[in-house]
Amino acid sequence: MLDIRYVRENAEKVRRDLVEKLFFDPAPLDAILQLDAERRRLQVERDTLNARRNALSKEMSDPTKREALKIEAAALKEKIPALEKAVAEIEAQQTEIALQLPNLPHESVPIGRDETENRVLREEGRKREFDFVPKPHWDLASALAIIDFDRGVKIAGSRFYVLCGAGARLQRALINWMVDLHVQEHGYAEVYPPYMVKRECLIGTAQLPKFGDNLYRDAEEDFWWIPTAEVPVTNLYRDEVLDAARLPINHVAYTACFRREKMAAGRDTRGIKRGHQFDKVEMVKFVHPDTSMAELERLLADAEDVLKRLELRYRLVQMCTGDLSFSAMVKYDLEVWAPGADEWLEVSSCSNFGDFQARRAAIRFKDKGSKDKPRLVHTLNGSGLALPRTLIAVLENYQQADGSVVVPAVLRPYLGGLEVIRRA
RNA sequence: GGAGGAGUGGCCGAGCGGUUUAAGGCGGCGGUCUUGAAAACCGCUUUCCCGAAAGGGGACGGGGGUUCGAAUCCCUCCUCCUCCGCCA
């Protein structure tokens with residue numbers, strides 16, 4: 001959510017950013033400004049009446065004066081509830097619209113309409129040369145019997161699969177290795193959060209109200225299945241004032257993630273690139289506002305380190321303004337090369353949200369004992385990494401002519417020393 | 001799921017319809033005293049909204065109600081504790 005005071009005082013800049021950078025309809029902006037003015041007017045009116053009521057109440061604590069004041073008090077009692085209702089309604093309207101406005105891009109973000117105008121900043125890692133035609137992972141994995149696509153579909157439907165034997169074990173090794181790496185070498189504290197959360201959490205991280213289409217929920221209890229660990233982990237400190245000395249707080253979490261993929265219906269139906277359920281290791285940072293851009297670089301470096309140690313070829317892409325996600329101020333993607341499917345796969349997305357999520361979720365900080373008002377933290381998150389696509393990259397890059405797959409050196413200790421995955 | 005009990009400021013804890021601007025204590029911060037520290041004493045110490053400020057208003061788990069007036073009474077939901085049931 002944007003700071004209403006900032007919006008009020010910089011209405012023209014906000015409008016320009018929405019229109020010229022995000023290609024977003026500015027109509028809600030006008031609605032908000034109008035509601036905001038009306039809200040403040042009504043609020044002053046209500047507060048004035050309340051002040052009078054409080055004064056009367058105080059006088060009426062003296063029984064001898066009570067009768068004389070009763071008439072005015074009763075009159076106030078008539079007026080106040082209507083005003084209170086009006087303020088509450090207008091506040092609700094204002095919030096509803098405010099929740100629909102995207103974050104404004106950081107000044108450093110290149111302007112562009114859509115993903116075709118994103119910038120590839122650099123490519124890293126050696127491209128593996130093949131003396132045979134590399135297979136896509138669905139062929140490789142089926143032949144090795146490490147992914148069972150048919151039975152996945154049988155038990156859960158399309159976009160589901162079953163990892164089997166060395167396939168399941170390889171994913172588990174990747175998870176454990178990645179979490180250990182972030183904990184032991186990058187300074188993140190591990191958390192294992194709930195996979196189902198309350199509606200407020202989704203509002204806090206801004207999946208709701210706009211993107212409910214992509215979420216699974218249990219209607220009876222109003223539980224929502226997390227589409228990413230970002231949701232429960234960011235909301236860990238919802239409605240809290242953190243001690244400034246604790247910042248930055250860095251968490252890493254391994255969770256399953258659940259997405260309807262309605263918007264992407266029909267896309268990427270082959271293989272394990274896009275499923276309704278997938279695993280991900282996610283890093284989340286809560287930082288002092290002055291440091292968030294520097295922290296984004298560190299987050300990115302921590303995600304990149306995973307790809308470097310796996311010795312995979314990847315590239316760094318900066319999102320242009322038009323391809324920024326709803327809540328991001330800046331966003332980078334890491335894309336890994338998949339030689340079998342012959343494409344770059346997005347395995348990580350690292351974003352700085354500024355105070356956009358922190359305002360929605362009321363995550364603040366303050367120096368201990370200080371009289372200053374609490375300030376909003378900045379939140380960031382990045383995948384480190386998404387499992388299915390990392391698995392694809394490992395399988396396709398480490399395949400051999402005979403259809404076996406070499407286990408990357410860093411993962412061998414997590415697979416009991418296994419060096420090659422062959423048909424069992 | 002059933003029965004009973006409880007939710008007050010960073011923590012403990014009073015408060016049971018009108019000087020509560022939420023007592024008191026602990027912790028924290030600042031000061032006095034001291035060579036320094038401790039002790040003692042004094043002061044400060046939740047948060048949100050409107051406002052340039054002065055000031056005003058709101059919040060005692062959430063929501064609703066009764067009343068001129070609610071931390072205090074009523075309804076409802078949530079959470080925690082105890083016992084029973086069930087279960088990995």
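Residue numbers start from 1 in every chain, and the chains themselves are labelled A, B, ... in the order their sequence lines are given, proteins ahead of strands.
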Evaluation steps, side-chain hydrogen bond (donor to acceptor under 3.5 Å, both in side chains), between A:Q400 and A:S404: CA-CA 5 Å; A:Q400 304 188 97; A:S404 63; 2.8 Å; yes
C1' atoms of B:rC48 and B:rU82, separation to the nearest Å: 37 Å
Short side-chain N/O contact to B:rG64 OP1/OP2 from A:K85, under 4.0 Å: no
Side chain to side chain donor-acceptor pair (under 3.5 Å) contacts in which one or both residues fall within residues 258-270 of chain A, not counting sequence neighbours: A:E261-A:R274, A:D268-A:K273, A:D268-A:R274
A:N54 vs B:rG57: side-chain N/O to OP1/OP2 distance below 4.0 Å: yes
Phosphate-side-chain proximity, A:K366 and B:rU47, N/O vs OP1/OP2 below 4.0 Å: yes
Pair partner, B:rA53 [Watson-Crick or wobble, under 3.5 Å]: none
Below 4.0 Å: OP1/OP2 of B:rC50 and any side-chain N or O of A:R5: yes
Sugar-phosphate, base or nothing in reach of A:R8, heavy atoms under 4.0 Å: sugar-phosphate
4.5 Å side-chain heavy-atom contact, A:Q318 and A:V330: yes
Residue pair A:N352, A:H106: steps toward the side-chain hydrogen bond (donor to acceptor under 3.5 Å, both in side chains) verdict: CA-CA 9 Å; A:N352 178 3; A:H106 188 262; over 6 Å; no
Per-nucleotide protein contact string for nucleotides 69-79 of chain B, where B marks a base within reach and S marks sugar-phosphate only (heavy atoms under 4.0 Å, - for neither): S----------
For B:rA70, the Watson-Crick or wobble partner whose two distances fall under 3.5 Å: none
Assigned partner base of B:rG4, Watson-Crick or wobble definition, under 3.5 Å: B:rC81
No-hydrogen, no-angle side-chain donor-acceptor test under 3.5 Å, A:T379 and A:Q357: yes
Residue pairs involving residues 165-174 of chain A (criterion side chain to side chain donor-acceptor pair (under 3.5 Å); sequence neighbours excluded): A:Q171-A:D279
P atoms of B:rA23 and B:rC16, separation to the nearest Å: 14 Å
Inter-nucleotide C1' distance (B:rC12, B:rG4), Å rounded: 25 Å
Closest to side chain of A:R364, choosing from B:rC49, B:rU47, B:rC68: B:rU47
Residue pair A:F356 / A:M329, side-chain heavy-atom distance below 4.5 Å: no
Salt-bridge present (A:E12, A:R16; N to O < 4.0 Å): no
Aromatic A:F365 / basic A:R246 pairing, under 6.0 angstrom, 45° off normal: no
Of A:A73 and A:P374, the one whose closest RNA chain B nucleotide lies more 5': A:P374
Those residues of residues 36-48 of chain A lying under 4.0 Å from RNA chain B by at least one heavy atom: A:R39, A:R40, A:Q43, A:V44, A:D47
Base-pairing mate for B:rA59 - Watson-Crick or G-U, with both contacts under 3.5 Å: B:rU46
Nearest-angstrom distance, P atom, B:rG64 to B:rG55: 31 Å
P gap between B:rA88 and B:rU76, integer Å: 35 Å
Below 3.5 Å is the cut-off: list the nitrogen or oxygen pairs between protein and nucleotides 7-11 of chain B, distance only.
none

Carboxylate-amine/guanidinium contact A:D17 A:K13, below 4.0 Å: yes
Rounded distance in Å between the C1' positions of B:rC73 and B:rU67: 10 Å
Anything under 3.5 Å between a donor and an acceptor, one on a side chain of residues 72-89 of chain A, the other on a protein residue two or more places apart or in another chain? List them.
unit_1, atom_1, unit_2, atom_2, d
A:E72, OE1, A:R52, NH2, 2.9
A:E72, OE2, A:R52, NE, 2.8
A:E72, OE2, A:R52, NH2, 3.4

Interatomic distance at P, B:rU8 relative to B:rG62, whole Å: 10 Å
Whether A:Y237 and A:H251 hold their rings parallel, tilted or perpendicular, with breakpoints at 30° and 60°: parallel
Rounded distance in Å between the C1' positions of B:rG56 and B:rG7: 31 Å
